[in-house]
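First the structure, which I've put down as structure tokens, then a few questions once you've had a look.
What you see below is based on every heavy atom in this structure, not just the backbone, and it leaves out hydrogens, waters and symmetry mates. In what follows, chains carry the letters A, B, and so on, assigned in the order in which the sequence lines appear, proteins first and then strands, with residues in each chain numbered from 1.
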2 protein chains.
Amino acid sequence: MRNESKHKLSFKIWLEHNGKPLIGKGGAQILEQIEKEQSISKAAKKLGMSYRYVWSYIKRIEKTLGRSVAETRRGGKAGGGAKLTRFGKELLKEYKRAENLFNKVLTCNR
Amino acid sequence: MRNESKHKLSFKIWLEHNGKPLIGKGGAQILEQIEKEQSISKAAKKLGMSYRYVWSYIKRIEKTLGRSVAETRRGGKAGGGAKLTRFGKELLKEYKRAENLFNKVLTCNR
DNA sequence: TCCCGATGTGCTTCCTTATTCATAACGAAA
DNA sequence: TTTCGTTATGAATAAGGAAGCACATCGGGA
């Protein structure tokens, strides 16, 4: 008997550290775009989020973990910029792996 | 190589109908308690939620689906009561099945 | 030395969600 | 016909998250 689900099953996943939220889908997109754009403000614009929000998101992660996720610099001709630390990249990977897992399960079950 | 996840993976799932939220974890508990207590107000108290909220939750589901989820009655010595319709029970089951699936994936992956 | 564009941060809405308060409607049993 | 505990519903309030605004800070290059 095939699984005839009447309604759409939606889900949201995220990583936690000591019970505190670390990174979800939005956060993963943020980290990805920062790495791609090498800039927090450009990443925010690309994602349609406010700079304020993106910046706060990163700060929250870093405060929760006590480790740096993004390396920023100010001044210079370009005004400044940002890029992920090695640890930030690993965190992103960890989330993507989990997301992949659930997506795979869901498509098998539809 | 075993999967050494550094952080706790959490999730939230819910069913949708035409893009609108139908029932999540809270809603499942609500339906369960209504069936167990045969009363909306008792269910709300048991769950630590306000009657107003529980009642609205059910109404939202019914409005979204255009079908009745709970059958209520007023008056009488007991004041009245409520119980799930057959459809309400099926909806609850559908959610539980999905929740089970997700939990299974998590335990297999830990 | 001044300019520019990005980072850094506080404060003020705005929106969604949930609680609280208040009150009406109901109807079987006493 | 009075009582009692529940359903039904509006309105005000509170809490949280996110956007928007304003402005200070930084530092390489012209």
Item to check | d(NZ, B:Lys45; C1', D:dG5) in whole Å | outcome: 10 Å
Checklist entry - How many Å lie between NZ on A:Lys83 and P on C:dT7, as a whole number? => result 14 Å
Item to check | Whole angstrom value for the distance that separates P of C:dG10 from NZ of A:Lys59 | outcome: 12 Å
Checklist entry - Can you tell me how far C1' of D:dT6 sits from CD of B:Glu37, to the nearest Å? => result 14 Å
Checklist entry - Would you find more than 12 non-hydrogen atoms of other residues, nucleotides or ligands less than 6.0 Å from A:Glu90 atom CD? => result yes
Next on the checklist: Taking the side chain as everything from C-beta on, heavy atoms only, tell me whether B:Phe11 gets closer than 4.5 Å to B:Asn103.
Outcome noted: yes
Checklist entry - Given A:Glu32, which of A:Lys25, A:Lys46, A:Lys96 fulfils the salt bridge (charged side-chain N to carboxylate O under 4.0 Å, His left out) condition? => result A:Lys96
Checklist outcome for this item: Expected string for nucleotides 15-26 of chain D under the B/S/- scheme (protein heavy atoms, under 4.0 Å, primed atoms plus P, OP1, OP2 as sugar-phosphate) is ---SSB----BB
Next on the checklist: Using whole Å, what does the distance between atom C1' of nucleotide C:dA18 and atom NZ of B:Lys25 come to?
Outcome noted: 18 Å
Checklist entry - If we ignore angles and hydrogens, is there a donor and acceptor under 3.5 Å between the side chains of B:Arg52 and B:Ser56? => result yes
Next on the checklist: With a 4.0 Å cutoff (strictly under), does any side-chain N or O of A:Lys77 reach OP1 or OP2 of C:dC4?
Outcome noted: no
Next on the checklist: So, does A:Thr72 get its side chain near the phosphate of C:dG8, meaning an N or O under 4.0 Å from OP1 or OP2?
Outcome noted: yes
Checklist entry - Looking at B:Ser56, does any N or O in its side chain come under 4.0 Å of the phosphate oxygens OP1/OP2 on D:dT9? => result no
Next on the checklist: So, taking the atom named OH in A:Tyr95 and the one named CG in B:Leu9, what distance separates them when rounded to the nearest 0.5 Å?
Outcome noted: 9.0 Å
Checklist entry - Between the side chains of B:His7 and A:Glu94, does any donor sit under 3.5 Å from an acceptor? => result yes
Next on the checklist: From CD1 of B:Ile58 over to P of D:dT6, roughly how many Å is that when rounded to an integer?
Outcome noted: 15 Å
Checklist entry - Across the strands shown, which category fits B:Ser39 at heavy-atom distances under 4.0 angstrom: base, sugar-phosphate, nothing? => result sugar-phosphate
Next on the checklist: Can you measure A:Trp55 atom CH2 to C:dT7 atom C1' for me and round it to whole angstrom units?
Outcome noted: 9 Å
Checklist outcome for this item: Rounded to whole Å, CD1 of B:Ile40 lies from P of D:dT6 at a distance of 12 Å
Checklist entry - Per the side-chain contact (heavy atoms from CB on, under 4.5 Å) rule, which among B:Leu15, B:Leu84, B:Thr85 passes with B:Leu91? => result B:Leu15
Next on the checklist: Please pick, from D:dT6, D:dG29, C:dG8, the nucleotide with the shortest atom-to-atom distance to any side-chain atom of A:Tyr51.
Outcome noted: C:dG8
